[in-house]
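Below: the structure, in structure tokens.
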Amino acid sequence: TLTQAWYEKETEHPITNLIRPGLTIKPWQGGTFSVDWLRGKIKNENGKQDYDINQWFFGAEQYLNQYFCLRVGSSDGSPTAGAGIVWKNFFIDYSYVKESMKDLRPYFGSSSAHMVAVIMAW
């Protein structure tokens with residue numbers, strides 16, 4: 001029946017239990033070091049599939065002046081880099097991740113990602 005088909009599809013939605021503790025320190029003006037750990041499980045409600053997550057993230061950021069910063073880090077073992085520009089109430093951020101979706105490599109091959117964010121604050 002229609003009700004039964006709807007119920008069966010609804011039970012296929014995953015249950016996500018994640019925790020992501022981290023630590024950030026600012027050892028000097030304009031410099032930041034961060035580390036965080038993502039741990040948890042994505043589980044299908046009816047138990048068909050489980051996906052365990054255990055990833056580490058590291059990063060460093062340094063403002064070279066009040067307008068420009070550079071970033072380097074690691075996202076689950078993949079190198080990352082980025083830069084940020086601040087001008088008045090505009091923020092432009094660029095980031096690069098060498099292997100953005102490592103878990104999908106068997107299906108799609110390796111992938112890198114370039115991301116740009118433009119933010120206006122008022």
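Everything numeric here is computed off the predicted structure, so don't read it as measured data. Both backbone and side-chain heavy atoms feed into the values below; hydrogens, waters and symmetry mates do not.
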Q. Tyr67: which other cluster members, linking ILVMFWY side chains closer than 4.5 Å, directly or transitively?
A. none

Gap between atom [atom2] of [Y] and atom [atom1] of [X] - 0.5 Å precision:
X     : Y     : atom1 : atom2 : value
Lys98 : Thr80 : NZ    : OG1   : 12.5 Å
Lys41 : Asn17 : NZ    : CG    : 9.5 Å
Ile53 : Asp76 : CD1   : CG    : 10.0 Å
Tyr96 : Ser75 : OH    : OG    : 12.0 Å

**Q.** Within the 6.0 Å centroid threshold, strictly below: Phe33 and Trp28
**A.** yes

In terms of hydrophobic clusters joined by side-chain contacts under 4.5 Å, are [X] and [Y] together?
X     : Y     : value
Phe58 : Trp37 : yes
Leu23 : Phe57 : no
Phe68 : Phe91 : no

Which pairs of donor and acceptor atoms, one on a side chain in residues 114-122, lie under 3.5 Å apart (sequence neighbours left out)?
{"residue": "His114", "atom": "ND1", "partner": "Tyr94", "partner atom": "OH", "Å": "2.6"}

Q | Gln62 side chain near Leu70 side chain, heavy-atom distance below 4.5 Å | A |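 No. Closest side-chain heavy atoms not under 4.5 Å.
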
Q. Taking C-beta and beyond as the side chain, do Trp56 and Ser74 meet within less than 4.5 Å on heavy atoms?
A. no

Q. Which pair of non-hydrogen atoms, one from Glu61 and one from Cys69, has the smallest distance, and what is that distance?
A.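 So the two residues come closest at OE2-SG, 3.9 Å.
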
Q | Where Asp93 and Gly84 come nearest, the two heavy atoms and their spacing | A | OD1-CA, 3.3 Å

